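Worksheet: the structure to be examined is printed underneath.
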Amino acid sequence: QYALAHAHKLWVHAEDTAELHHQLLTQLDAAITAAHQHGDTAAAHRYQQHHHDITQQTPRITTAVDTARQRLDTARSALL
C-alpha cells in the first residue's frame, strides 16, 4: 500500500507540473500578443524566447506524466 501511495503522490506532482507548464505557455502567448499590440518588439522577442525555451521542456514533462501514470497503474495492479 505504501508503493501505491508513493506512486499516487508522484503522479499528482507530475500532473500538477504539466498543468503549470501549460499555464505558463498560455500566459507567455498572451504576453507576446500584448507586447505586439503595444508595439514593444523587444518585449515580444524576450517572451518568444522564453516560450521557446519552456516549450523545449514539454517532451520531458509529458514523459514524466506518462511514467508516473504507468507506475501508478502498476502499483494498483500489485494490490489486486
Side-chain angles (χ1 to χ4, degrees):
Q1 197 164 8
Y2 170 78
L4 178 59
H6 183 69
H8 184 266
K9 178 181 129 184
L10 294 177
W11 171 71
V12 168
H13 178 71
E15 288 287 348
D16 286 348
T17 299
E19 179 60 28
L20 290 171
H21 177 76
H22 175 73
Q23 288 175 8
L24 180 56
L25 289 173
T26 299
Q27 290 172 352
L28 284 168
D29 284 334
I32 292 164
T33 299
H36 280 302
Q37 289 173 345
H38 292 106
D40 190 346
T41 56
H45 178 74
R46 276 193 319 276
Y47 292 136
Q48 286 170 332
Q49 186 60 50
H50 291 310
H51 190 283
H52 172 76
D53 293 344
I54 292 166
T55 298
Q56 298 300 308
Q57 300 303 315
T58 300
R60 286 181 172 170
I61 291 170
T62 300
T63 298
V65 169
D66 292 344
T67 300
R69 182 55 160 168
Q70 289 171 357
R71 289 178 179 164
L72 178 60
D73 290 345
T74 299
R76 275 193 188 130
S77 294
L79 284 178
L80 299 177

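Positions are given from 1 along the sequence. Remember, it's a predicted structure, so these values are computed and weren't measured experimentally.
- Heavy-atom minimum distance, L72 versus A7: CA-CB, 3.8 Å.
- Between A44 and A35, the shortest heavy-atom distance links the atoms N-CB, 3.6 Å.
- Interatomic distance, OG1 of T74 versus CG of L79, reported as 11.5 Å (0.5 Å rounding).
- Q27 and Q23 share no side-chain donor-acceptor pair at under 3.5 Å.
- Side-chain contact, Q49 with D53: a donor N or O sits under 3.5 Å from an acceptor N or O.
- A search for side chain to side chain contact (heavy atoms under 4.5 Å, CB included) contacts involving E15 returns W11, V65, not counting sequence neighbours.
- Note: the hydrophobic cluster containing L24 also contains Y47 (ILVMFWY, side chain heavy atoms under 4.5 Å, direct or indirect links).
- Atom CD of residue Q48 and atom NE2 of residue H51 lie 9.5 Å apart, to the nearest 0.5 angstrom.
- Neither V12 nor I61 shares a network with the other; the hydrophobic side chains, linked directly or stepwise wherever heavy atoms of I, L, V, M, F, W or Y lie under 4.5 Å apart, form separate groups for each.
- For P59 against T55, the heavy-atom pair with the smallest separation is CD-O, 3.8 Å.
- Considering only residues two or more places apart in sequence or on other chains, T58 meets the side-chain hydrogen bond (donor to acceptor under 3.5 Å, both in side chains) condition with H21.
- Closest approach of H38 and A34 over heavy atoms only: ND1-O, 2.7 Å.
- Tested against L28 for a side-chain contact (heavy atoms from CB on, under 4.5 Å), the candidates R46, H52, H50 yield a single pass: H50.
- The environment of CZ in R71 is sparse: at most 12 heavy-atom neighbours from other residues, nucleotides or ligands sit within 6.0 Å.
- Under the 4.5 Å side-chain heavy-atom criterion for Ile, Leu, Val, Met, Phe, Trp and Tyr, I32 and I54 are members of the same hydrophobic cluster.
- Within 6.0 Å of NE2 in H36 there are more than 12 heavy atoms belonging to other residues, nucleotides or ligands.
- Counting non-hydrogen atoms of neighbouring residues, nucleotides and ligands closer than 6.0 angstrom, the CD atom of Q1 reaches no more than 12 such neighbours.
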